[in-house]
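Counting begins at 1 with the first residue of the sequence.
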Amino acid sequence: MSSDLKTTATMPSPAKPFTQADPTRLSPVLAMLAAAALGGLSTTPSLAQDMPTSPSFVDDFKSFDRGRWYVSDGWNNGSHQNCTWSKGQVAVSEGVLSLGFEKQKLKDRDFACGEVQTKQRFGYGTYEARIKTDTGSGLNAAFFSYIGPNDKQPWDEIDFEILTKDTSKVQVNAYIDGKGKNEKLVPVPGGTDTAFNDYAFVWQKDSLRWYLNGQLVNTITDPAKLPSHAQKIFFSLWGSDTMKGWLGAFADPGRKVTMQIERVAFTALGDPCQFPESLACTVK
């Protein structure tokens, strides 16, 4: 689940407060050409693709890549969200990207929360992240891809959402032109909060498959339920006072809650796998 997301540009430094830079909005055509000139979104399909994509990458957060990531700061996604995105809730230290949620009055919200998103868009391929969450009712720790009206595109989205009221499960989902109802709850042996787990999805023109720790847990092949627009990659940790039926009743955790990411990778279709543990090494 994702509301339309406002994009803000930031220039972060590892494990330090992030400073904001003014975003530059480009038309979709100019943005694509500029990204291609910078080695970003390709204007021609790669092997086994018919959708433009930015190149394959692996980020193990030894530092914070300013060319790859935006940090959301100073706004929220709507009335359902009880926190304000804050650059102060995003940090990189010792090979881990951490997003925080804690009580801190910012604008009209009583809590601050963290989100990052890629500057580039990605198409068909394997998306992977190694994540550990915290616990807490009324909170959502998410790894997903998304594009929407703010980028002058239809709303397409592919989700892993950990509703930390119950860390024994993760919800997978997909939205096509704003229409969801593809959700499935998947058990996470040992829980999302006790150790790092590997979350991945393989997006192809004719299928979308979700994997947990290398095991296939969900598949969609219906053409009407498959996204068809290149998307940005997001990580976010946020809360809600109103979405009780989904997230559970919100309770002030009384401490800082965190979501930790050790690694994220995108491997375009047809590219070789990039690290030994990659799902792209074994699943085609």
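Residue Y175 comes nearest to P227 through the heavy atom pair O-CG, 4.3 Å, listed as atom of the first residue, atom of the second, then distance. Nearest heavy-atom pair, D73 versus K87, reported as atom, atom and distance to 0.1 Å: OD1-N, 2.7 Å.
When atom types are taken as modelled, the side chain of T192 and the backbone of T133 share no donor-acceptor pair closer than 3.5 angstrom. Checking side-chain atoms of D222 against main-chain N and O of A224 turns up a donor-acceptor pair under 3.5 Å. Proximity of a side-chain donor or acceptor of E128 to a complementary backbone N or O of L279 within less than 3.5 Å is detected. With Q204 contributing its side chain and D206 its backbone, the two residues share no donor-acceptor pair below 3.5 Å. Side-chain N or O atoms of T167 include none that pairs as donor or acceptor with a backbone N or O of D193 at under 3.5 Å. Panel note: side chain K225, backbone T221; no donor-acceptor pair is recorded below 3.5 Å. For the pair T267 (side chain) and C273 (backbone), a donor-acceptor distance under 3.5 Å is absent. In this structure, the side chain of D241 does not engage the main chain of N82 through any donor-acceptor pair within 3.5 Å. A distance-only check finds a donor-acceptor pair linking the side chain of K107 to the backbone of G74 [under 3.5 Å].
In this structure, CG in N77 is found 8.5 Å from SG in C113, a value given to the nearest 0.5 Å. Taken from CD in Q231 to OG1 in T118, the straight-line distance is 10.0 Å, to the nearest 0.5 Å. For the atom pair CG (L139) and CE (M259), the distance works out to 12.0 Å, reported to the nearest 0.5 Å. Q120 CD to Y70 OH: the interatomic distance, rounded to the nearest 0.5 Å, is 8.5 Å.
Two rings, from F122 and F57, have their centers less than 6.0 Å apart. In summary, the aromatic rings of F250 and F111 are positioned with their centroids under 6.0 Å apart.
Using a 4.5 Å heavy-atom threshold, the side chains of L208 and F201 count as touching. The shortest distance between side-chain heavy atoms of V202 and K284 does not fall below 4.5 Å.
S56 and D271 are linked by a side-chain donor-acceptor pair at a separation below 3.5 angstrom, with hydrogens and angles left out of the test. A donor-acceptor contact under 3.5 angstrom links the side chains of E102 and Q89, judged on distance only.
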Exercise answer: donor-acceptor pairs, residues 177-190 side-chain atoms, under 3.5 Å, sequence neighbours excluded:
| residue | atom | partner | partner atom | Å |
| --- | --- | --- | --- | --- |
| N182 | ND2 | A174 | O | 2.8 |
| N182 | ND2 | G180 | O | 3.3 |
| K184 | NZ | V217 | O | 2.7 |

